[in-house]
Protein chains: 2
Amino acid sequence: MIVQLDLETDEPIYVQLKHQIIEGIAKKQLRPGDPLPSVRSMASDIGINLHTVNKAYQQLKQEGYILIHRQKGVVIQPDGVPEADEAYKDDLFKKLRPFIADAVCRQIDEDEFIKCCSNIFAEFNQEEGEL
Amino acid sequence: MIVQLDLETDEPIYVQLKHQIIEGIAKKQLRPGDPLPSVRSMASDIGINLHTVNKAYQQLKQEGYILIHRQKGVVIQPDGVPEADEAYKDDLFKKLRPFIADAVCRQIDEDEFIKCCSNIFAEFNQEEGEL
DNA sequence: TAACTGTTATATACTTAATATAACAGTTAG
DNA sequence: CTAACTGTTATATTAAGTATATAACAGTTA
């Protein structure tokens, strides 16, 4: 698990860490049951504070991505990430709207937007963990 | 221009205001050259501080959505919002990735995601300002 | 026993968000 | 001319979020 942080961006470190782990799961580089480094070793690996890692892990746990056993360590959710329910989809809908409104104003039509999304999907589906 | 704020969410007020104006432009309820309320009247209309409105306006100006004349007031960009360039598209790509990674993990396939996006596009294209 | 786990607590520094007043300079209407 | 309005700037305060630094606790595990 290679983590690459950008300290220049305004995106909080713990959010970047969450995203990279979620992307790792989406790309199947991280599979159900796979272990994650402890909060302390992850923190020292990427040069940040233990609590910043802990914050990311706690939220990932809350969202169903990982399990945290008190002494066994941290693992990717063995039963797989919970499927999207209606609440999740409503939330996704709400979050996507500003992006699409923005795109519409700037003359990006539906086809182009969809194409962009397809490219991202391809990124997650093509390489089945072979990277 | 009706503005509806949610003070419970963690989304900053000035961001919500920006989004609603951008959505208004996307829906063509706000057209090039249309006036926007002054920072003071907008602020008192929706019950927030003058500076919060000013922050939203300044960023909208910076992003090419509106023009601010020192004494003439605030208007939607008369020449239309600048079209998306490559930098904008790269940025959109980067921002969309976490959402799609998340969706992939939760078994939302490409078709379903695209359908969701299409629904949002429809929301902006159907009603050509007739609302 | 020593080294490791997640967890909790406290404290500090910095940044952002939002508010409150106040003032300035340039229109514009009465 | 005055009064009311414009955007803009300045200063200050409160609150919340981000990130860090130490320290300790309780339960494995080698």
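Lettering follows sequence order; numbering is per chain, from 1. Only this structure's heavy atoms are used, side chains among them; waters, hydrogens and symmetry mates stay out.
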Hey, does the side chain of [X] come within less than 4.0 Å of [N]'s phosphate (OP1/OP2), counting only N and O?
X       : N      : value
B:Gln58 : D:dG7  : no
B:Tyr14 : C:dA17 : yes
A:Thr52 : D:dT20 : yes
A:Ser38 : C:dT5  : yes
A:Lys55 : D:dT18 : yes
B:Asn49 : C:dA18 : no

Round to the nearest Å and state the distance from [X] atom [atom1] to [N] atom [atom2].
X       : N      : atom1 : atom2 : value
A:Leu7  : D:dT18 : CG    : P     : 16 Å
A:Asn54 : D:dA21 : CG    : P     : 15 Å
A:Arg70 : C:dC4  : CZ    : P     : 18 Å
A:Leu50 : C:dA9  : CG    : C1'   : 13 Å
A:Glu8  : D:dA19 : CD    : P     : 13 Å
A:Leu17 : D:dT20 : CG    : C1'   : 16 Å
A:His69 : D:dA26 : NE2   : C1'   : 18 Å
A:Leu60 : C:dG6  : CG    : C1'   : 15 Å

*asked:* Give me the atom names and distance for the closest heavy-atom approach of A:Cys105 to B:Ala26.
replied: SG-N, 3.6 Å
*Heavy-atom closest pair, residues A:Gln77 and A:Gly64*: CB-O, 3.5 Å
_CA sep, side-chain torsions, deciding dist, call: A:Ile76, A:Leu36, side chain to side chain contact (heavy atoms under 4.5 Å, CB included)_ = CA-CA 7 Å; A:Ile76 306 298; A:Leu36 280 182; 4.1 Å; yes
*asked:* Please name the nucleotide paired to C:dA2 by Watson-Crick or G-U wobble geometry with both distances under 3.5 Å, or report none.
replied: D:dT29
*Tell me which nucleotide among D:dT8, C:dG6, C:dT19 gets nearest to the side chain of A:Ile68.*
C:dG6
*Among C:dG6, D:dG7, C:dT19, which nucleotide sits nearest the side chain of B:Val39?*
D:dG7
Under 4.0 Å between any heavy atoms, over every strand shown, what does [X] touch: base, sugar-phosphate, or nothing? Just pick one.
X       : value
B:His51 : base
B:Glu11 : nothing
A:Tyr57 : nothing
A:Lys72 : nothing

*The single option from B:Phe121, B:Phe124, B:Phe99 passing ring-ring contact (aromatic ring centres under 6.0 Å, His included) against A:Phe99*: B:Phe99
*asked:* Taking the side chain as everything from C-beta on, heavy atoms only, tell me whether B:Arg106 gets closer than 4.5 Å to A:Val81.
replied: yes
_N/O donor-acceptor pair under 3.5 Å between A:Gln20 side chain and A:Gln4 backbone_ = yes
*A:Arg40 (side chain) and C:dT7 (base): donor-acceptor pair under 3.5 Å*: yes
*For DNA chain D, whose closest nucleotide is more 5', that of A:Ile48 or that of B:Gly73?*
B:Gly73
